[in-house]
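Data first, discussion second: the structure below is written as structure tokens.
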Amino acid sequence: MIPQLTALITRALQKTAQGRGLDPAAFSRKFVVEIPANPERGHFSTNAAMIHARDFALAVPGLKGNPALLLARELVDALERPPDFFSAVEIAGPGFINFRLAKAAWQKLLQEIRARGDSYGKRPPTGQKILVEYVSSNPTGPLHVGHGRGAAWGDAFSRILEYLGHEVTREYYVNDAGNQIATLGKSILFRALHPDLSVPPPEGHYKGAYIKELADSFLQKRPRDFFAEPQAAAIMSEEAAQAILAEMRADLVAFGVEFDSWFSEKSLIASGELEKAVALLREKGLVYEKDGALFFESSALGDDKDRVLRKSDGSWTYFASDVAYHANKYARGFDRLIDVLGADHVGYLGRMRAVARALGRPDASLKIVLYQLVRLFRGGVPYKMSVRAGEFIPLKVVMDEVSPDAARFLYLTQSHDSTLDFDLELAKSQSAENPVYYVQYLCARAFQVRAKAQALFSLEGDIDFSLLSEPGELALIQKLSLFPEVVGASGDNFAPHFLTTWLMDAAKLFHRYYGETRLVLPDNPELTRARIALAMTVRAVVGTGLSLLGVSVPERMAKES
RNA sequence: GCGCCAGUAGCUCAAUCGGAUAGAGCAACAGCCUUCUAAGCUGAAGGUUGAAGGUUCAAGUCCUUCCUGGCGCGCCA
């Protein structure tokens with residue numbers, strides 16, 4: 001609906017310019033078509049006249065009066081009026097043009113949406129290849145609640161990008177090389193040799209219950225003298241990392257998050273790509289040696305300071321791997337790279353932009369999305385971990401109590417830019433307070449109403465959409481009309497929560513309609529058919545929205561106990 | 001000290017290139033269950049958008065300065 005109006009207004013602008021003897025492109029500034037906050041002003045409004053008022057006044061000297069209002073008048077006169085489309089076009093305030101659509105236009109739109117079914121708002125293939133990297137938690141400890149946010153966000157955003165026609169690959173980068181893996185082995189070995197938890201591990205070792213568990217499992221399956229062998233720590237590193245990775249995979253699958261590929265850091269080193277990437281930087285004159293270390297001159301490309309690639313002890317930094325990894329991503333033919341990271345990676349921004357620049361890629365080709373921290377609450381009280389268990393709250397704590405649907409929806413209710421308070425009691429509660437059930441209940445109600453109607457008479461046959469003219473019915477159709485823009489804006493603005501918000505609004509309208517209007521009328525099959533068609537269309541579009549967030553679409557809700 | 005993010009109703013948050021009277025949910029208040037599942041609906045109430053300037057027809061949104069909170073500033077990952 002909005003694209004249609006935008007086209008009509010654009011043509012009116014051109015026609016007005018021509019009528020004044022100006023270049024048809026004289027009025028080519030960006031204007032918006034939006035829904036006024038106050039519904040009495042109309043279904044849609046545009047600021048096109050105000051945006052071009054100054055151009056108009058300059059191009060047509062000697063105007064008498066307010067240029068915005070004068071231009072608005074000319075635009076309204078020039079506006080094409082398709083049959084049965086507008087019911088009113090008015091100029092208001094400082095120069096807004098307000099549009100009211102005829103009921104027939106809404107009814108026709110509903111038919112079109114219904115015909116699109118599950119693909120309403122879907123866009124044709126763009127040919128753009130996008131790599132979305134998310135979670136990428138190191139295999140040195142379990143996933144925590146922050147990773148849950150990254151997982152829900154990356155998964156939902158990937159689905160949205162796909163719906164918008166992009167070719168998306170979801171990837172998990174596994175840091176399976178280097179120091180931290182070695183530290184993992186040492187940490188487990190220490191705990192195996194000191195099973196008494198009152199003995200504190202040395203500085204820098206990993207803590208947490210999982211270390212103790214891993215140590216115990218090694219104690220069970222290995223003979224005593226294994227732990228005295230020089231390679232013991234290395235062997236335990238390897239095996240423990242595998243075990244942790246397998247567990248993370250299982251947690252993610254339980255959460256409904258799956259990846260197209262798991263990319264190993266070790267493979268970059270084994271294949272020689274790391275050295276090749278560094279050589280490439282060297283060719284471009286962007287590296288230098290200092291104090292026995294090799295530096296990348298990222299400060300020349302906008303970073304705060306230069307970054308070490310190879311330490312003076314000869315080992316590579318993780319950053320060197322990251323350079324090679326991103327070079328690898330580009331080499332695989334992706335037009336756009338999206339890295340979804342926790343806010344503690346802010347320092348990453350400048351250096352990775354420098355990497356993109358060094359590789360000759362535009363800044364826009366690499367987007368790093370930082371999501372703010374997650375704070376866990378239970379009934380409004382901050383969730384406390386025992387000190388011994390480590391400072392991070394494992395994702396399992398959430399998953400043990402909360403359904404994946406509820407967890408995902410809550411993770412996606414807010415902009416990634418704001419810290420998220422996640423309340424276990426709220427997430428668990430199967431009540432109206434919990435937004436995911438509120439939205440899912442819409443779907444269940446639509447199915448139940450249809451079943452009830454089907455028991456009375458057949459729903460087959462033509463539907464008379466002109467019977468739908470209650471305010472609540474038109475409001476629902478109007479809401480549906482926005483869905484394609486909402487999905488598009490979610491993708492363009494890295495904002496899956498636009499969709500979450502739209503879903504809650506749509507559910508609000510539906511439940512209100514359901515409360516005010518009887519959908520199933522035994523003595524009026526025609527009207528019942530039309531209302532069921534509307535309910536099921538709302539259900540279909542809301543179902544599409546839920547699916548884009550990775551949330552299931554139930555046909556019925558379990559009865560409250 | 002520098003960088004990124006945030007500051008909006010009692011609480012948690014929305015507000016899609018700057019639009020008209022800043023919206024929801026929760027909490028608190030008043031109502032609605034012989035009814036298509038009340039996991040619901042209706043009504044009323046709640047605001048100097050952290051502060052001060054600036055830009056313009058128009059600022060929660062853009063610019064400047066300041067205040068508060070979170071995160072980060074390693075030859076750690």
Side-chain angles (χ1 to χ4, degrees), chain A residues 30-32 34 36-38 40-41 45-47 50-51 53-54 66-69 92-96 98 138 140 175 178-181 183 204 290-295 304-305 307-313 315 317-319 342-350 370-373 375 377 380 413-421 423 426 429-435 437-438 440-442 444-446 448-453 455 482 485-486 488-490 492-493 495 497-498 500-502 504-505 508 511-521 528 531-532 535 556-560:
Chain A
K30 265 184 192 161
F31 58 89
V32 294
E34 58 182 358
N38 183 345
E40 304 206 342
R41 298 189 195 281
S45 77
T46 183
N47 60 357
M50 291 181 289
I51 293 282
R54 182 165 294 178
N66 179 328
L69 293 173
F96 289 100
N98 295 333
N138 297 338
T140 53
N175 284 117
N179 253 333
Q180 53 182 354
I181 294 291
T183 304
K290 188 184 149 205
D291 304 330
L294 189 69
F295 282 77
D304 298 336
K305 55 182 169 185
R307 308 288 171 178
V308 174
L309 292 165
R310 196 186 58 223
K311 296 177 253 179
S312 54
D313 68 3
S315 63
T317 60
Y318 278 79
F319 175 62
D344 50 339
H345 287 77
V346 250
Y348 222 67
L349 252 42
L370 296 177
Y371 57 88
Q372 298 297 315
L373 299 192
R375 293 185 298 181
F377 289 80
T413 49
Q414 288 177 30
S415 157
H416 64 82
D417 268 338
S418 62
T419 54
L420 179 70
D421 289 348
D423 197 299
L426 174 62
S429 75
Q430 303 203 352
S431 73
E433 294 168 45
N434 194 339
Y437 294 105
Y438 187 73
Q440 286 182 321
Y441 190 38
L442 176 163
R445 275 187 154 172
Q448 296 307 303
V449 170
R450 185 181 63 170
K452 164 126 182 170
L482 282 180
E485 274 79 40
V486 171
S490 287
D492 295 342
N493 296 290
H497 75 281
F498 286 177
T500 319
T501 306
W502 181 90
M504 292 190 287
D505 288 348
K508 174 89 189 160
H511 290 310
R512 175 180 297 162
Y513 174 59
Y514 180 97
E516 285 174 345
T517 317
R518 226 170 150 72
L519 280 77
V520 181
L521 303 161
T528 301
R531 286 182 172 168
I532 299 295
R556 62 177 63 241
M557 306 296 273
K559 216 157 192 164
E560 193 184 19

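Letters go in sequence order (proteins before strands), and every chain restarts at 1.
- For A:Phe498, taking side-chain heavy atoms from C-beta onward, the closest of the listed nucleotides B:rU16, B:rC36, B:rU21 is B:rU16.
- Between the base of B:rA77 and the side chain of A:Thr140 there is no donor-acceptor pair shorter than 3.5 Å.
- In this entry the distance linking CZ of A:Arg556 with C1' of B:rC36 reads 13 Å, nearest Å.
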Pairs under 3.5 angstrom, nitrogen or oxygen only, protein versus nucleotides 42-47 of chain B, please.
residue : atom : partner  : partner atom : Å
B:rU42  : OP1  : A:Arg512 : NE           : 2.4

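- Among the nucleotides B:rU37, B:rG72, B:rA15, the one closest to the side chain of A:Tyr441 is B:rU37.
- For the pairing with A:Lys508, the side chain to side chain contact (heavy atoms under 4.5 Å, CB included) check across A:Arg512, A:Met504, A:His511 returns one residue only, A:Arg512.
- Side-chain N or O atoms of A:Thr317 include none that pairs as donor or acceptor with a backbone N or O of A:Arg310 at under 3.5 Å.
- Comparing B:rG72, B:rC36, B:rG19 by their nearest atom to the side chain of A:Ile51 picks out B:rG19.
- The A:Ala489 side chain lies nearest to B:rU16 when the options are B:rG19, B:rA14, B:rU16.
- Only one option out of A:Asp344, A:Leu420, A:Thr419 pairs with A:Gln372 in a side chain to side chain contact (heavy atoms under 4.5 Å, CB included); it is A:Thr419.
- The distance between atom CG of A:Leu426 and atom P of B:rG25, rounded to the nearest whole Å, is 14 Å.
- Dashed line: the shortest gap from a side-chain N or O of A:Lys305 to OP1 or OP2 of B:rG72 is not under 4.0 Å.
- We find that CG of A:Asp423 is positioned 12 Å from P of B:rC13, with the value rounded to whole Å.
- Listed pair A:His511 / B:rA38 fails the phosphate criterion, with no side-chain N or O lying under 4.0 Å from OP1 or OP2.
- Between A:His345 and A:Leu370 the shortest side-chain heavy-atom distance falls below 4.5 Å.
- Between B:rA45 and B:rC33, the distance separating the two P atoms is 24 Å to the nearest Å.
- When the nearest nucleotides of RNA chain B are assigned to A:Ser45 and A:Leu373 by heavy-atom distance, the more 5′-ward of the two goes with A:Ser45.
- Between the side chain of A:Asn47 and the base of B:rA20, no donor-acceptor pair under 3.5 Å is found.
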**Complete:** Contact string for nucleotides 2-12 of chain B, one letter per nucleotide 5' to 3', B = base within protein heavy-atom range under 4.0 Å, S = sugar-phosphate only, - = neither, reads -BBSS-----S

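- Cation-pi geometry between A:Arg307 and A:Phe319 is not met: the NZ or CZ atom fails to fall both under 6.0 Å from the ring centre and inside 45° of the normal.
- Paired regions of RNA chain B, where each region holds three or more successive Watson-Crick or G-U pairs whose two hydrogen-bonding distances fall under 3.5 Å, are B:1-7 with B:67-73, B:10-13 with B:23-26, B:29-32 with B:40-43, B:50-54 with B:62-66.
- Phosphate contact (OP1/OP2 of B:rC57, side-chain N/O of A:Arg54, threshold under 4.0 Å): present.
- Straight-line distance from the CZ atom of A:Arg445 to the P atom of B:rU35: 14 Å, rounded to whole Å.
- B:rC13 takes the anti form, because its glycosidic angle lies more than 90° either side of 0.
- The aromatic ring of A:Phe96 is stacked on the base of B:rA20, with the two ring centres less than 5.5 Å apart and the planes inclined by under 30°.
- Proximity note for A:Ala343 (side chain, C-beta onward) versus B:rU21, B:rC71, B:rA20: the nearest is B:rC71.
- The side chain of A:Lys30 has B:rC17 as its nearest neighbour among B:rC17, B:rC71, B:rU21.
- Taking every side-chain heavy atom of A:Tyr318 into account, B:rA77 is the closest of B:rA77, B:rU37, B:rC71.
- Across B:rC76, B:rA20, B:rC71, the shortest atom-to-atom separation from the side chain of A:Asn179 is found for B:rC76.
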